[in-house]
Amino acid sequence: MTLPRGRTLVRLVILVAILAVVLYPLLWMVGTSFKSREEIATNIGLWPDVFTPSNFREGWQNFDVSFGRFFANSAMVALLTVVGNAISCLLAAYAFARLRFRMRKFWFAIMIGTLLLPGHVLIIPQYVLFKQLGWVGEPWPYLPLLVPQFLATEAFFVFLMVQFMRGIPYELDEAAKIDGASPYTVFAHVIVPLSRPALVTTAIFSFIWTWNDFFRQLVFLSDLQDYTVPVALTLFIDSTSESAVGPMFAMSLLSLVPVFLFFVAFQRLLVEGINTSGLKG
């Protein structure tokens, strides 16, 4: 009995060590958000000698626009992205997985092939296209970020849902068709309810990835009042490279709260979706 207990203890120690390494950056950020500017330069420990909660007030009111505006912008973009990806990717996946049309496999292969393209390669032609359409800048600064999400441009989520729908028995479609259901009725009353785990997985990852997105939002957003949280965090470093590190880390800590709450609220559904979404070959 001693040997199995010893192995369990070793595994526990290894897991605790890994957990400590993973959580160290987060704990350091929490501690730094409560340090003064002078202490940040001298104290390399996790926790401050003197707590400075004023960093949160200074960070929230540091600009001409309240940081709450940036949170509202991020929430709007993230939630609309969730809606766009859920609707458009579900429709595209239904077509690839359940309908029969000419060159279906070819177009599906083309769609999968877009996963091989780095996003940075596409950003320049996208910018040129949206600039010619008049979507860059006012009065519609968020169109380049939102419109593609309603056109099923996220090939990963389409693939995720296709794999899931292929696991739904075709007998359900046939039974519905025998009862006189059209493809639209089959989609609305059979496929959509059964695709809930894949939809939840898509929604969660869409929210997290969009909330943390920096590059695309930096490229397409130019006015201060339109900035999202990731872009606004760069404003704490001025042109002289002098940074307000304390307020920046305080706002960075607050920016984690929506993602954490969103993940905790849908954690069970996320695990269920990953386990049943057909990511196997």
Side-chain angles (χ1 to χ4, degrees), residues 62-93 95-96 103 106-162 202-241 243 248 251-252 255 258-259 262:
N62 191 71
F63 312 107
D64 296 334
V65 178
S66 170
F67 214 87
R69 176 63 180 268
F70 305 139
F71 271 91
N73 294 340
S74 283
M76 183 268 295
V77 173
L79 292 177
L80 287 179
T81 296
V82 168
V83 173
N85 280 337
I87 295 175
S88 63
C89 294
L90 185 64
L91 290 170
F96 283 125
M103 303 180 67
F106 171 78
W107 292 118
F108 183 72
I110 293 295
M111 186 272 298
I112 294 297
T114 61
L115 292 172
L116 304 177
L117 295 174
H120 297 77
V121 174
L122 303 175
I123 197 68
I124 294 179
Q126 286 177 353
Y127 184 88
V128 173
L129 173 63
F130 295 142
K131 185 70 174 179
Q132 293 176 345
L133 293 175
W135 291 0
V136 177
E138 298 296 339
W140 312 107
Y142 300 111
L143 286 183
L145 301 175
L146 297 177
V147 171
Q149 312 309 322
F150 285 86
L151 299 176
T153 58
E154 294 290 347
F156 171 76
F157 295 132
V158 176
F159 173 74
L160 177 76
M161 293 185 181
V162 166
T202 298
I204 292 175
F205 280 111
S206 294
F207 183 87
I208 294 176
W209 291 350
T210 305
W211 185 274
N212 294 328
D213 180 37
F214 169 74
F215 185 67
R216 294 184 71 250
Q217 296 172 6
L218 176 66
V219 169
F220 291 113
L221 301 179
S222 56
D223 292 337
L224 177 63
Q225 63 180 2
D226 299 327
Y227 280 1
T228 55
V229 170
V231 181
L233 288 174
T234 64
L235 300 177
F236 286 101
I237 302 178
D238 59 23
S239 58
T240 62
S241 296
S243 58
M248 179 179 66
M251 294 300 99
S252 298
S255 70
V259 176
F262 198 86

Q.
Within this structure, what is the CE-CG distance for the pair Met76 and Leu146, rounded to the nearest 0.5 Å?
A. 6.0 Å
(Q) Under the rule for side chain to side chain contact (heavy atoms under 4.5 Å, CB included), what residues qualify as partners of Val219, not counting sequence neighbours? (A) Ile123, Tyr127, Phe215
Q) Just wondering, more than 12 heavy atoms not from Leu117 lying within 6.0 Å of its CG? A) yes
Q) Passes side-chain contact (heavy atoms from CB on, under 4.5 Å), Val82 versus Thr210? Steps please. A) CA-CA 9 Å; Val82 168; Thr210 305; over 6 Å; no
Q: Verify the ring-centre separation between Phe159 and Phe156: is it less than 6.0 angstrom?
A: no
**Q.** Approximate separation, where rounding is to 0.5 Å, of Leu91 CG and Leu151 CG
**A.** 11.5 Å
Q: Mind listing the closest non-hydrogen atom pair of Trp211 and Ser255 along with its distance?
A: NE1-O, 2.9 Å
Q | Sidechain-backbone polar pair: Asp226 side chain, Tyr142 backbone, donor-acceptor under 3.5 Å | A | no
Q. Within the side chain of Thr153, is there an N or O that forms a donor-acceptor pair under 3.5 Å with the backbone of Pro148?
A. yes
**Q.** Side-chain donor or acceptor of Ser74 paired with backbone N/O of Phe71 under 3.5 Å
**A.** no
Q) Is there a side-chain contact (heavy atoms from CB on, under 4.5 Å) between Leu122 and Thr114 once you walk through the steps? A) CA-CA 10 Å; Leu122 303 175; Thr114 61; over 6 Å; no
(Q) I'd like to know if the side chain of Ser206 and the backbone of Asn85 have a donor-acceptor N/O pair within less than 3.5 Å. (A) no
Q: Measure the shortest side-chain to side-chain distance between Phe157 and Phe205 over non-hydrogen atoms and say whether it is less than 4.5 angstrom.
A: yes
**Q.** Leu115 to Ala155 - nearest heavy-atom pair and separation
**A.** CD2-CB, 3.7 Å
Q. Which pair of non-hydrogen atoms, one from Arg69 and one from Gln225, has the smallest distance, and what is that distance?
A. NE-O, 3.4 Å
Q.
Tell me whether the rings of Tyr227 and Phe70 are parallel (<30°), tilted (30 to 60°) or perpendicular (>60°).
A. tilted
Q) What is the minimum heavy-atom distance between Met111 and Val158, and which atoms define it? A) CE-CG1, 3.6 Å
Q) Would you find more than 12 non-hydrogen atoms of other residues, nucleotides or ligands less than 6.0 Å from Trp107 atom CH2? A) no
Q | Nearest non-hydrogen partners of Thr234 and Val231, listed with the distance | A | OG1-O, 2.5 Å
Q.
I'd like to know whether Leu79 forms a side-chain contact (heavy atoms from CB on, under 4.5 Å) with Phe207, so could you lay out the CA-CA distance, the side-chain angles of the two residues, the decisive distance to 0.1 Å, and finally the verdict.
A. CA-CA 7 Å; Leu79 292 177; Phe207 183 87; 4.1 Å; yes
Q. With sequence neighbours left out, which residue pairs that include part of residues 214-223 fulfil the side chain to side chain donor-acceptor pair (under 3.5 Å) condition?
A. Gln217-Thr228
Q: Would you give the length of the straight line joining atom CG of Leu224 to atom CZ of Phe63, rounded to the nearest 0.5 angstrom?
A: 7.5 Å
Q) Can you tell me how far CZ of Phe130 sits from CH2 of Trp140, rounded to the nearest 0.5 angstrom? A) 16.0 Å
Q) Hey, does Trp135 have a side-chain heavy atom less than 4.5 Å from the side chain of Leu145? A) no
Q. Does the side chain of Gln126 come within less than 4.5 Å of Pro144's, by heavy atoms?
A. no
